[in-house]
Amino acid sequence: MHKAKKWIIAVSLLAAVAAAGDTIGRLPINRLYDRRHLATYLDLPTVEFVRPGLTIQVQSAAIASDGTMTATYTLSDPTGLPLDAAGVTTPGAISLSFLAASIPQGQEQYVSYITRAVTGSVIPTTNQPTADSGGTTTQVAPGEYTYTFKTKASGFDPTATSTIGIYGSRNLTTYNLPTNYASTTFNFVPNGSHVVTTRDVIRDVSCDRCHDQLSAHGGSRRGIALCVMCHTPQNVDPATGNSLDLKVMAHKIHMGSSLPSVIAGTPYQIIGFQNSVNDFSAVVDPAMAQRCTVCHSQTSGAAQTTAFLTHPTRVTCGSCHDNVNFATGANHPAGPQPDDSRCSTCHVPQGATDFDASIVGAHVVPVDSSLLSGLQATIQSITNGTAGSQPTVTFTLTNNAGNGVPLSALGSLSLTMAGPTTDYGYTIFGSDTTSTPGYVTESATNASCSAGGTCTYTFTHAVPAGATGTYSIGLEARRTETVLAGQPNQQVIQYGAPNPVSYFSVDGSTVVPRRLVVALTNCNQCHYELSLHGTLRNNTLYCVMCHNPSNTDATTRVAATNPTDKALPPQGINFNMLVHRIHFGPNATADGARNPYVVVGFGGSHNDFSTTLFPPLNPNGSPGNTQNCSLCHVNGSEQNLPLGLNPVVDPQGWINPNQAIAGACTGCHTSKPEASHMLANTTTELGESCTVCHNSGAAYAVDQVHAQY
């Protein structure tokens, strides 16, 4: 039968089944893909035929007495139906690579059975773990295969844990779908004993909270369990001499710009595939690298989740503290350490207090200290908040024990008013508020407070006469505390209260809070505890009150310390443009942005975000993936246009002012042609036409054009 006729019959049969119940295999096909998958937007018969996705499972593995290694595995789609590796009987050819390693008795990390010799300028030659090459594959059943390694496990220990790793790809580009990637590992003991020893320190769930989907090397290597098979103590970069052991490499990458060696002037680089230079010297961990449990989560289920607490070593600790010379004792208070036997003597898991030499204590971020008495702020009520009136705010200031905090203990206390919540930015609260367009902030240090911490403050500025709808008031407060006073590890800590935001009607209408676009919990997946402006601001619903469509850095740019900054016009800082542009980082420059995204901050400081690299990983394993909008957005806010109502001031952009929808989209879509497209589809009389093509369900809907899996 002609190949085209086979296609027609297959698609027709599958479509008929889909119409009868849309279920083939174990799961309904329409439940397998979310809006990040391109398959979601293809016609159902094509998706039913192709069934995108790739699952690899090892069924068994063995090492014969002569060292011959074999692995039997299955290839299937996400529902469990078998796939043909050749791509003949099922769509998409599948390419696989095979790893094999063991954990020697008495050791904790892998030693690869398979290595290759590599050369470099620093280390003339070294053997790196690698995948097998030249083995043979035999089909056992549909979707089931046995791979026999060409490399033999020379001198293997039949009682030690051995692991087979498989990573691969399924090419579906013919069907206008991306290449699917998958990885898996399988532990076994060659003599048939139960597996007791494993390498299970960190789970993917910890990495994925910020990286979205941990992958590397083009996207085919996925997951920590596979990474640790090659990134072992035996692995080193011969071009730089840097260790490629995962515990060393991961610590150094996350420390990045904070590494003592980098601060001293030595970049941290790894020379990769085709001599690519991978420089991690500018990395800033958004969670702060000293928050160990962000990666070493104690709730991930990893078998050795407490290893970082119970087993300190010179290699591990020295990966971050790389100015310590354990041989000479330089920068190490306890002096020289010839081995790891005494590390846990001083560095116990947890000591008596924060900031001691214990592993937990030494890594406490000051604002996280348990020694702080705390600062909590709550807005209880807003009265006299009608148009033309000066609102009176009742709020509480308490510590973690619920006791009142006196105003004298605070270094800063302010209240901010903005409105209406339909979209901030163009309300004038008085002729003296030109430097704060769209909002007014007043110091409340003269508020009247009770001993229990209940305070009242009346604004000196009024809600504008004629105002309608819902307005908002938010609060910021900060204090400084000294803990462990007089002790060697004394700390002076400045920290802010979580920002409360409260809404009130100025005309008797129903209170309508400002739309919820992003969730603070989403921000904190990466940032852990989002806090800016000297710890004063930490709630996105408060941020948008000042970072509104009409605001720029004009008031600070006049005092810019960088001459180039002073010569340029102000930078727009509307929240959606600001956040998009910061996370888009170097992509904006590559895309053709008119200027690098630089914001002049407090004291005229130069804040260049054009090199900020967003941690989520693209399907190919590279950082900077801004296409998964749901990492930040909630309620489908990125796909339900319009995003706002007011024009966005953007003096350094291609269009100024920009309209509301374009103002958000130009945060990432920064090129001149894209700006021209937006301008061409906007009229003075009727406004933007973006929703015609880009609203949810439209031909080029936001969710569809951002899908990539």
Side-chain touch V501/N539, heavy atoms, less than 4.5 angstrom: yes

Flag, side chain of T666 to backbone of H669, donor-acceptor distance under 3.5 Å: no

Donor-acceptor contact below 3.5 Å, side chain H527 vs main chain C523: no

F280 side chain near K252 side chain, heavy-atom distance below 4.5 Å: no

Plane angle bin for H332 and H347 - parallel if under 30°, tilted between 30 and 60°, otherwise perpendicular: tilted

Validation row: Y424, M545 side chains within 4.5 angstrom (heavy atoms): yes

Those residues that, when tested against T305, pass side-chain hydrogen bond (donor to acceptor under 3.5 Å, both in side chains) (two or more places apart): Q298

With sequence neighbours excluded, residues passing ring pair (Phe, Tyr, Trp, His ring centres under 6.0 Å) with F609: none

Side chain D322, main chain S261, donor-acceptor under 3.5 Å: yes

R479 and S373 side chains, donor-acceptor separation under 3.5 Å: yes

N399 (side chain) donor-acceptor with Q376 (main chain) under 3.5 angstrom: no

T482 and Q490: CA distance, side-chain angles, deciding distance, side chain to side chain donor-acceptor pair (under 3.5 Å) verdict: CA-CA 7 Å; T482 300; Q490 173 181 307; 5.2 Å; no

Smallest separation among heavy atoms of S550 and Y426, with atom names: CB-CZ, 3.8 Å

Closest non-hydrogen atom pair between F355 and S369, with its separation: CE1-OG, 3.6 Å

side-chain hydrogen bond (donor to acceptor under 3.5 Å, both in side chains) partners of residues 629-642, not counting sequence neighbours, each pair once: R35-E638, N628-S630, H633-S637

Side-chain heavy-atom pair V600, N607 within 4.5 angstrom cut-off: no

Min side-chain heavy-atom separation F429-P464 under 4.5 Å: yes

Salt bridge (Lys or Arg N to Asp or Glu O under 4.0 Å) pairs, two or more places apart, involving residues 361-377: R291-D368

Donor-acceptor under 3.5 Å (N587 side chain, F584 main chain): yes

Partner residues of C449 under the disulfide bond (SG atoms under 2.5 Å apart) criterion, sequence neighbours left out: C455

Considering all heavy atoms, the nearest I379-I473 contact: CD1-O, 3.4 Å

Carboxylate-amine/guanidinium proximity below 4.0 Å for R36 and D703: no

Over all atoms of both residues, closest heavy-atom pair of D507 and S509: OD1-OG, 2.6 Å

Set of residues satisfying ring pair (Phe, Tyr, Trp, His ring centres under 6.0 Å) with respect to H296, sequence neighbours excluded: F308

Positive for side-chain contact (heavy atoms from CB on, under 4.5 Å) with Q290, one of V365, V364, D285: V365

Any residue meeting salt bridge (charged side-chain N to carboxylate O under 4.0 Å, His left out) with D208, in chain and number order, not counting sequence neighbours: none

Ring pair (Phe, Tyr, Trp, His ring centres under 6.0 Å) partners for H321, two or more places apart: none

Flag, side chain of D200 to backbone of A303, donor-acceptor distance under 3.5 Å: yes

Close side-chain approach of I202 and C207, heavy atoms under 4.5 Å: yes

From R514 atom CZ to T422 atom OG1, the distance as rounded to the nearest 0.5 Å: 10.0 Å

Candidate pair V483 and I493, rule side-chain contact (heavy atoms from CB on, under 4.5 Å), full reasoning: CA-CA 8 Å; V483 300; I493 305 170; 3.9 Å; yes

Salt bridge present between D212 and R209 (N-O < 4.0 angstrom): no

A588 backbone acceptor or donor facing T670 side chain under 3.5 Å: yes

Test side-chain contact (heavy atoms from CB on, under 4.5 Å) applied to N538 and E529, step by step: CA-CA 8 Å; N538 45 59; E529 193 173 279; over 6 Å; no

Spacing of CG belonging to N658 relative to CG belonging to N646, to within rounding of 0.5 Å: 13.0 Å

Trace of the side chain to side chain donor-acceptor pair (under 3.5 Å) decision for Y542 with S472: CA-CA 9 Å; Y542 187 60; S472 60; over 6 Å; no

Residue pair S443 / T445, side-chain donor-acceptor N/O under 3.5 Å: yes

Within residues 464-511 or reaching into it, pairs that qualify as ring pair (Phe, Tyr, Trp, His ring centres under 6.0 Å) - sequence neighbours excluded: none

Donor-acceptor contact below 3.5 Å, side chain K247 vs main chain T316: no

Reported CD1-to-SG distance for the pair I359 and C317, which is rounded to 0.5 angstrom: 6.5 Å

Side-chain heavy-atom pair V599, L578 within 4.5 angstrom cut-off: yes

Steps toward side chain to side chain donor-acceptor pair (under 3.5 Å) verdict (T386, N384): CA-CA 6 Å; T386 55; N384 200 38; 4.6 Å; no

Closest non-hydrogen atom pair between Q304 and V201, with its separation: OE1-CG2, 3.6 Å

Any side-chain heavy-atom pair of L520 and L530 under 4.5 Å: yes

Results of ring pair (Phe, Tyr, Trp, His ring centres under 6.0 Å) for Y457 - residues two or more places apart only: F459

Qualifying disulfide (SG to SG under 2.5 Å) pairs with a residue from residues 345-395, counting only residues at least two apart or across chains: none

Partner residues of C210 under the disulfide bond (SG atoms under 2.5 Å apart) criterion, sequence neighbours left out: C526

Exercise: do D354 and S370 side chains pair donor with acceptor under 3.5 Å: yes

Non-hydrogen atoms of T556 and G601 that approach each other most closely: CB-O, 3.4 Å

Between Q390 and H461: side-chain donor-acceptor atoms closer than 3.5 Å: no

Side chain to side chain donor-acceptor pair (under 3.5 Å) assessment of Q571 paired with Y597: CA-CA 8 Å; Q571 181 66 266; Y597 194 69; 4.9 Å; no

Main-chain N/O of L645 paired with D423 side-chain donor or acceptor, under 3.5 Å: yes

Exam field: side chain N551 to backbone N574, donor-acceptor pair closer than 3.5 Å: no

Separation of H533 NE2 from T535 OG1 (nearest 0.5 Å): 11.5 Å

